[in-house]
Amino acid sequence: MHLTLPDYEAPGWGAPRAVSFVGAALLLWRPLPAGFALCLVGAAWPLWALRDVLTQSALLLVWAAVGLWGAARSRGPAALDAVRWTTALTYALAALHKLNVDFFDAAVSCAPHAWAQIAARWGLPAVGGLEPLLAPAAILTEVALAVAITRRSPWMWPLGVAFHLPLTVTLAPAFGAVMLAGYVAATTRRQAARWRRAARRHPGALVLAAGAAALVDAALGGVDDPVTPLKVAAAGAILAGSLLALGPPGRCRRTAPTVWVVVALWTLNGLTPYLGLQYQHAAAMLSNLRIDAGCHNSLIFPEALRGADPYLRIDVARIGDGQRPAREAALREGLWSVPALHTMHRNWCVPRLRPIALEGTWRGRAFAMPDLCAADWLDHLPGAAALPAGLQRFQKNLRRECPQACIH
């Protein structure tokens with residue numbers, strides 16, 4: 001499902017999609033190291049070179065690496081534990097990032113924004129005066145999912161469907177399908193046996209639930225693409241199957257030391273926004289979190305941890321003879337990064353618009369760039385030449401003003 005995202009229709013994304021598809025096809029046949037290796041390349045490529053901003057892409061990268069290690073070293077159970085723990089941690093980190101001033105402000109929070117999208121699709125009523133409750137409800141649900149997956153509770157399945165299905169048909173079309181790997185990794189053999197028994201005894205119920213879910217969604221929200229009905233139908237079948245297969249939580253086996261290394265690395269990755277190292281790929285999606293100077297809003301981590309403001313700020317922008325005033329204003333009003341300047345350099349540098357002169361601050365220091373289109377433009381940003389042009393560490397389309405409604 002991740003490979004059906006619109007990102008993969010953009011120029012340059014076809015090759016990594018093909019590599020990932022071949023790797024996934026191999027893994028459907030057998031858990032071969034070659035399959036995991038191809039998935040590793042397919043996940044790393046967009047992250048490193050194509051400005052992929054998704055946390056789920058980083059998760060797929062970690063899981064491919066873990067799977068390659070597990071398949072090559074015959075450490076399947078340990079690899080599954082690593083997938084389970086990183087899945088639970090992703091929910092926990094997502095809840096942690098939402099502990100900020102703006103997420104609890106119903107006027108700008110992503111929680112009412114998400115509900116508005118869901119309500120519009122399914123014709124649900126507005127929550128009215130209950131809007132302030134949406135933010136804590138979202139956080140508590142993510143914490144509950146983290147605990148359930150950690151404890152291998154079978155209740156993770158219905159709770160996960162209830163959480164992800166509305167997002168799947170609105171704001172996050174593939175995230176639920178990606179996280180499904182963590183649910184499977186948290187399922188014990190005894191629980192899997194209950195699933196198989198439920199499928200054998202009640203196949204009609206699973207088919208009916210799948211069809212009903214797809215039909216109801218289509219009736220309420222329409223059919224925008226051929227993939228969404230399949231995802232909704234799968235969610236309906238999973239929900240029915242999970243309820244039929246309910247039982248006690250599974251026993252947790254001893255965790256291998258290597259797994260704790262993966263857990264530590266993923267935790268550190270999730271905390272990088274507060275250190276000013278990155279914002280994307282850290283489970284901060286739909287969190288309203290701000291880490292830029294003047295708008296830092298975390299209720300847990302102090303701004304002093306971040307150090308210098310990591311965003312590039314443009315205070316003066318002159319494009320040619322001033323023939324692009326709206327673009328100049330957008331440059332002054334936004335927060336930027338070096339990859340964004342690479343994109344501007346690639347797309348804006350035509351003779352009639354030169355020079356594109358920029359002045360501002362980066363990493364807390366002033367810079368003056370006579371012409372973004374000159375061959376030596378990177379020299380005016382000390383250290384920028386060493387940064388990959390396609391690695392998107394910080395948000396795109398972020399404005400200086402705060403608060404800003406539902407920052408993705």
Side-chain angles (χ1 to χ4, degrees), residues 2 5 47 52-63 82-105 108-115 117-118 133-151 153 155-157 159-168 170-183 185-186 262-275 277-291 296-301 393-395 398 406-408:
H2 181 76
L5 287 171
L47 286 168
D52 189 338
V53 302
L54 298 177
T55 294
Q56 63 183 277
S57 300
L59 261 179
L60 290 171
L61 175 70
V62 171
W63 291 344
V83 173
R84 172 171 65 94
W85 275 104
T86 49
T87 302
L89 271 170
T90 300
Y91 286 119
L93 289 165
L96 177 68
H97 296 319
K98 291 179 176 64
L99 297 177
N100 65 72
V101 174
D102 295 346
F103 190 74
F104 287 98
D105 182 354
V108 296
S109 173
C110 285
H113 171 73
W115 178 260
Q117 301 296 311
I118 296 164
L133 299 179
L134 292 175
I139 293 170
L140 290 174
T141 301
E142 289 172 335
V143 171
L145 283 168
V147 172
I149 292 171
T150 300
R151 296 188 65 244
S153 168
W155 284 102
M156 63 185 172
W157 290 98
L159 183 59
V161 171
F163 180 74
H164 280 289
L165 179 57
L167 295 175
T168 296
T170 53
L171 296 170
F175 189 50
V178 170
M179 297 299 277
L180 183 65
Y183 291 67
V262 177
V263 168
L265 291 174
W266 189 244
T267 302
L268 290 173
N269 175 76
L271 297 178
T272 49
Y274 307 106
L275 302 176
L277 299 177
Q278 69 166 351
Y279 185 101
Q280 309 291 9
H281 321 123
M285 56 282 178
L286 296 172
S287 69
N288 288 98
L289 180 66
R290 294 289 292 260
I291 62 170
H296 183 279
N297 62 5
S298 174
L299 293 169
I300 305 298
F301 298 95
R393 295 184 297 144
F394 298 100
Q395 294 154 290
L398 184 62
C406 192
I407 305 164
H408 291 249

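In this text the structure is predicted, and so the values were computed from the model without any measurement. Sequence positions, counted from 1, serve as the residue numbers for this chain.
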S.K.: How about R290 and L398: do any of their side-chain heavy atoms sit closer than 4.5 Å?
M.R.: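 Heavy-atom side-chain distance check passes, below 4.5 Å.
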S.K.: Enter the distance from L93:CG to L271:CG here, rounded to the nearest 0.5 Å.
M.R.: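 The CG atom of L93 sits 6.5 Å away from the CG atom of L271.
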S.K.: Any side-chain heavy-atom pair from F104 and N288 closer than 4.5 angstrom?
M.R.: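 With C-beta onward as the side chain, the pair stays apart.
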S.K.: Quick one: do the W85 and T150 side chains pair a donor with an acceptor below 3.5 Å?
M.R.: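 Short answer, no.
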S.K.: Any side-chain to backbone donor/acceptor pair from S287 onto K98? Under 3.5 Å, distance only.
M.R.: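 No, S287 side chain to K98 backbone: no donor-acceptor pair under 3.5 Å.
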S.K.: Give me the atom names and distance for the closest heavy-atom approach of R84 to I149.
M.R.: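 Looking at all heavy atoms of both residues, the shortest contact is CD-O, 3.5 Å.
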S.K.: Measuring from M285:CE to T55:OG1, what's the distance to the nearest 0.5 Å?
M.R.: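 Rounded to the nearest 0.5 Å, the CE-OG1 separation comes to 5.0 Å.
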S.K.: Grab the two heavy atoms, one from L5 and one from A174, that are nearest each other, plus how far apart they are.
M.R.: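 Taking L5 first and A174 second, the nearest heavy atoms are CD2-CB, 3.8 Å.
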S.K.: Applying side chain to side chain contact (heavy atoms under 4.5 Å, CB included) to I291 and F394, what does each step give before you reach the verdict?
M.R.: CA-CA 10 Å; I291 62 170; F394 298 100; 4.2 Å; yes
S.K.: Nearest 0.5 angstrom please: M179 CE to T87 OG1, how far?
M.R.: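 M179 CE to T87 OG1: 5.0 Å, rounded to 0.5 Å.
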S.K.: Return yes if some donor-acceptor pair links the side-chain N/O of E142 with the main-chain N/O of A92 below 3.5 Å, else return no.
M.R.: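 Looks like no, no N/O pair under 3.5 Å.
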S.K.: Taking the side chain as every heavy atom from C-beta outward, state whether S57 and H2 have any pair of such atoms under 4.5 Å apart.
M.R.: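 Result yes, sub-4.5 Å side-chain heavy-atom pair found.
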S.K.: Please round to the nearest 0.5 Å and tell me the distance separating atom CG of L61 and atom CG of L54.
M.R.: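 Separation between the atoms: 13.0 Å.
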S.K.: Give the intermediate values and the outcome of side chain to side chain contact (heavy atoms under 4.5 Å, CB included) for residues T272 and L268.
M.R.: CA-CA 6 Å; T272 49; L268 290 173; 5.9 Å; no
S.K.: Are D52 and Q280 linked by a side-chain donor-acceptor pair shorter than 3.5 Å?
M.R.: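 No, Q280 and D52 have no side-chain donor paired with an acceptor closer than 3.5 Å.
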S.K.: Working to the nearest 0.5 angstrom, can you tell me the gap between M156 CE and L145 CG?
M.R.: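 Separation between the atoms: 10.0 Å.
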S.K.: Can you classify the ring geometry of H97 versus Y274 as parallel (below 30°), tilted (30 to 60°) or perpendicular (above 60°)?
M.R.: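 Plane angle between 30° and 60°, so tilted.
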S.K.: Distance check, rounded to the nearest 0.5 Å: L265 atom CG versus T86 atom OG1?
M.R.: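 Answer rounded to 0.5 Å: 11.5 Å.
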S.K.: Report the C-alpha distance between L134 and S109 in whole Å, list the side-chain angles of each, state the deciding distance to 0.1 Å, and finish with yes or no for side chain to side chain contact (heavy atoms under 4.5 Å, CB included).
M.R.: CA-CA 9 Å; L134 292 175; S109 173; over 6 Å; no
S.K.: Please report the shortest heavy-atom distance between H281 and W266, naming the atom on each side.
M.R.: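 Looking at all heavy atoms of both residues, the shortest contact is O-CH2, 4.3 Å.
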S.K.: So which of T90, V262, N269 actually passes side-chain contact (heavy atoms from CB on, under 4.5 Å) with V62?
M.R.: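 The passing option is V262.
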S.K.: Look only at the side chain of Y279 and the backbone of L289, and say whether a donor-acceptor pair between them is shorter than 3.5 Å.
M.R.: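 The answer is yes, because a donor-acceptor pair under 3.5 Å joins these two groups.
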S.K.: Which label fits W157 and Y183: parallel for a plane angle under 30°, tilted from 30 to 60°, or perpendicular past 60°?
M.R.: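 The arrangement is tilted - the two ring planes meet at 30° to 60°.
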S.K.: Is the centre of the F103 ring less than 6.0 Å from the centre of the H113 ring?
M.R.: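 For F103 and H113, the ring centres are not under 6.0 Å apart.
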S.K.: Examine the side chains of N100 and S298 and answer whether a donor and an acceptor come within less than 3.5 Å of each other.
M.R.: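 Short answer, no.
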